[in-house]
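Chain identifiers are assigned alphabetically (A, B, ...) following the order of the sequence lines, protein sequences preceding nucleic acid strands; residue numbering begins at 1 within each chain. This structure is a prediction, so every number in the text was calculated from the model and none was measured.
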Amino acid sequence: MKFLQVHSHSDEYLRDLSLRHPEMEVTTYGATMRILHEDGQSAAHLIASHLDAEEFESRLLVPNFREGLASWKRERGIRPSVTGNDLLVEYVLEFSPEILYLSSPDRTGIDLLQSLPKRPRLVIGRFSPGLPTDFDWGHFDLIVTDEAPSSVIPGRSSSIPFEHLPAGYPTRPFAPLPEVEEEIDLVFFGRSSEAHRDRNRSFLEAAKATLSQPRDFLVECHLATPHPELVPAGIAMFNQGPRFGREAHRALKRGRVCLDGFLSCDEDEFGMLQIVEGAALGSFQLIRHNDAIGRAFKVGEEIETYQSQEELLEKLFYYLDHPEARRTISDRARQRCLHSHSMEARARKFQEFVRQGLQQSPRRIDPASSSRPRAKDRSVPAKEGRRKEKSGVKKSRQDRAPKRRPDGLLQRILRRLRGMFRSPRG
Amino acid sequence: MCGIAGILNFDRQPVAEDTITRFTDSVSHRGPDGRGVFADGVVGLGHRRLAILDLSDLGTCPMPYGNGGKEPRYWITFNGEIYNFLELRNELSGLGHTFRSQTDTEVVVAAFAEWGEGCLTRFNGMWAFAIWDTVDRVLFLSRDRFGVKPLYYLRDGRFAFASEMKAFLSLDGFTPKLNEAIIETALNRSQSFEGKNVETILSGVLKLPPGHCMTVAGNGTIHSRQWWNTAEHLEAPPRRYEDQVMQWRELFLDSVAIRMRSDVAIGTSLSGGLDSSAVACAMSWSAQEHLHEERASTDWRHAFTAAFPGTALDETAYARIAADAAGARLHVTEFSNTVAAQDLVDSVWCMEDIYPAVAVPLLKNYRAMREQGVFVSLDGHGADEMLCGYTPWLNWPMGEVNQRLYDQFHHGLLPSIQRNYDRTSMANGIEVRMPLMDWRLVCLTFSLPASSKVGGGYTKRIFRDALEGILPDSLRLRRSKIGFNSPMAEWFNEGLGGLLEAVVQSDTWRSATWWDPRADGELLLRRSAARNWTQGDWETLLQMWCRISFVIWQEMFLHRNEKPFQVAADD
């Protein structure tokens with residue numbers, strides 16, 4: 001069964017990767033993907049390479065990976081003028097996946113989906129906080145998410161099944177970096193957005209404590225800041241800029257204590273299991289307490305949490321003064337991850353979802369019937385639209401698939417009836 | 001550095017010499033080295049001298065200037081220090097001016113004679129002065145750029161001015177009254193009150209704002225105007241941070257060097273923090289680099305600190321590192337938790353305004369300095385406000401840091417701090433000089449991006465980087481900040497019981513309408529008796545101290561009780 005995971009990385013990360021690996025400009029597509037894979041960015045979410053190879057032929061497509069797509073195009077002799085969505089469509093058509101998994105659903109992924117002449121048998125989307133509230137989940141047959149309850153997913157119809165799929169512990173491709181020495185007392189990773197406000201506030205208070213507490217302690221922060229003028233001075237003071245992939249892992253390992261792991265947002269109830277990525281590296285993590293943490297780790301034994309700023313500092317100083325206690329907990333967290341939270345375990349669970357999804361929902365939505373604006377309606381400049389009409393890709397796609405008609409009333413009623421008899425989970 | 005006073009009668013009545021003498025002597029603590037009085041019909045000028053430059057009688061003020069000393073046109077009474085007076089003197093000499101003394105005062109009045117009001121922008125220093133023009137019959141007054149030196153005035157059928165608010169209590173015909181309209185603001189926003197208001201808590205007494213000057217004519221016409229606005233003097237800084245650091249370092253060291261010009265011994269007050277330690281070590285560096293600089297004091301190896309043994313505020317160890325690095329002798333004044341309550345009452349008289357801090361350590365530190373024969377102190381004020389040195393300010397978004405610092409520097413916390421240090425130093429005849437408030441350095445600093453001030457893991461980033469090789473790294477790279485404060489919780493728990501009881505039981509406290517006298521009084525006494533104030537009560541303690549000091553202030557300034565709560569204080 002052909003499985004394609006589409007995952008956009010942040011443009012900032014990919015720029016950073018380009019700087020670290022200039023050889024990607026001239027190497028093969030396979031080599032660029034290997035570099036990307038080994039860098040480990042978002043590895044806890046990249047499930048394609050962990051699926052059972054006997055059952056699935058899996059691929060990962062990174063739509064904004066310039067060097068990767070350029071080498072793929074070069075190897076196939078595709079004209080340089082074929083770019084953007086047209087190129088992604090070419091990629092998908094060549095592979096012809098039966099299952100499409102958009103693990104970072106965004107406008108690019110939806111555009112790609114809408115442009116496909118033939119919809120895959122199963123389309124899965126991963127919910128993550130930070131998506132626009134008007135995101136249209138009507139394109140998907142199944143939604144997976146870290147820990148979020150279904151009620152927090154805006155725009156999700158109750159007819160679309162929903163499954164939990166926490167981030168996993170990626171045992172490969174990277175090792176725990178034993179050569180990196182602990183040099184920093186407290187290390188913090190984050191983004192400066194509204195969704196990160198509470199997390200950033202925790203760090204800000206810790207940063208301020210470097211001035212107000214009599215003891216000296218070293219702090220380092222790696223914050224992605226699209227609007228540096230909005231970042232509080234106490235955070236900016238320690239910010240050394242974002243780190244990605246292996247560089248992020250190295251920065252994490254330099255910290256004796258990592259505050260709030262690689263958490264992606266403030267929400268208490270989900271997204272928290274991204275701490276497994278830090279646990280994989282053997283990092284000691286001090287996490288703001290929430291119920292989700294307690295479900296995944298034994299608090300105080302496998303992970304340490306804080307409930308107030310006072311407790312944060314109290315525990316920070318305690319664990320800085322007790323390195324053995326720190327190591328005991330981080331070792332246990334790693335063991336727990338190996339046992340319960342590995343990517344292999346996640347892959348097995350994911351495969352179950354896929355099998356069920358294929359049985360229940362061979363096709364929910366015809367792409368042409370989506371409530372989202374269709375390709376021809378998109379608000380692109382008229383000139384751009386005309387240019388696309390002339391492209392060879394457009395023509396070839398038209399040749400391959402008959403033009404679809406919009407849904408009629410009967411189809412919409414049938415779809416709703418199907419949804420009523422489907423039992424949503426989550 | 002001195003105390004100044006003056007009267008200009010609008011009713012054409014001459015100013016009696018004993019009136020101006022009494023008025024002048026009300027600030028005698030500011031100038032223990034001599035008194036001078038000038039009375040000329042409707043105008044009278046007074047001066048109490050703290051002799052720093054040219055200790056001879058030629059430095060006596062009020063000082064005449066013009067016409068070769070015969071029927072001089074100008075008379076000046078001057079408080080302050082013009083650090084670039086040697087350069088200006090050379091320039092003025094080239095323009096034909098002749099000087100009798102070696103003072104900066106004579107340079108100031110000569111500069112006024114030459115350039116008029118335009119002289120002000122040529123001065124690098126701190127000042128409040130008045131010049132009487134005997135020809136135009138106009139009094140000209142000016143205050144320095146940032147208001148380091150104070151100047152108060154009153155207009156009540158006459159124009160009277162003085163260095164301190166308390167001077168007006170000795171002025172004939174002045175009845176002290178509370179300025180009811182602003183007292184609530186003064187109590188609740190006491191840290192920013194000084195910088196935001198021209199009115200004072202003493203009704204009718206006003207402040208000439210920093211960077212302002214004023215002309216007063218005999219007919220009662222008063223014209224006040226702003227002569228300095230920092231924002232108009234900002235320039236594009238070097239683009240590279242490293243170049244910014246070099247420029248900052250050069251200016252800082254020069255500002256320290258010119259502030260070492262003195263004909264008496266100079267020293268420094270060390271808190272143990274970055275700013276004062278930097279000044280101490282820069283003095284040492286400058287002394288070596290400018291061995292032959294004209295008028296630079298060679299007697300400078302004196303450092304003074306206040307110690308609070310056993311409390312979280314004690315930074316003696318850091319002060320010792322700084323003193324050792326500077327090659328200075330450290331004089332330590334220790335404070336026990338049972339500090340004499342009488343010092344508190346004295347400190348209120350000295351401070352003469354509402355402020356949420358007990359000034360006793362400052363007062364005693366400068367007293368110790370005077371006792372050791374040191375009359376000038378180079379201190380580290382201004383860096384926290386220019387370079388984001390206070391912890392709560394780290395909450396500010398980076399995009400707002402510069403504007404907020406500018407506001408704090410000019411209209412927020414710093415003006416209050418300057419006032420406190422002026423009063424506590426001058427109460428002991430000590431001149432405080434502030435190298436970090438050199439206008440050139442201020443303009444450069446406010447021209448810099450916020451990232452040059454907060455970044456690289458530090459507050460006051462450029463300051464720390466500029467001091468590499470001058471200040472030991474154990475101080476330069478120290479992040480924790482304590483600040484020069486009194487151990488309020490310990491003192492409220494142990495030393496002030498008798499005074500607190502007397503204050504709370506006084507009619508002034510009981511009749512207060514700005515707080516709940518009964519509930520707050522009970523809280524104050526109960527917790528002090530139980531000795532359970534802690535550092536966590538810091539804000540409450542500061543608020544309580546504002547109220548207590550305001551009650552003491554009313555007893556002394558309004559009810560004219562010179563020694564209020566005497567029995568309680570002696571307990």
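In this structure, the portions of Thr459(B) lying under 4.5 Å from any heavy atom of chain A include both its backbone and its side chain. Residue contact with chain B, scored on non-hydrogen atoms closer than 4.5 Å, involves the side chain of Leu204(A) exclusively.
When Val401(B), Thr391(B), Val454(B), Leu394(B) are compared by the number of non-hydrogen pairs under 4.5 Å with chain A, Leu394(B) comes out ahead.
Cation-pi geometry between Arg461(B) and Tyr241(B) is met: under 6.0 angstrom from the ring centre, within 45 degrees of the axis. Geometrically, Arg479(B) engages Tyr458(B) in a cation-pi contact, judged by NZ or CZ lying under 6.0 Å from the ring centre and within 45° of the ring axis.
In summary, the aromatic rings of Phe188(A) and Phe238(A) are positioned with their centroids too far apart to meet the 6.0 Å limit.
If you check the side chains of Asp407(B) and Gln403(B), you find a donor sitting under 3.5 Å from an acceptor.
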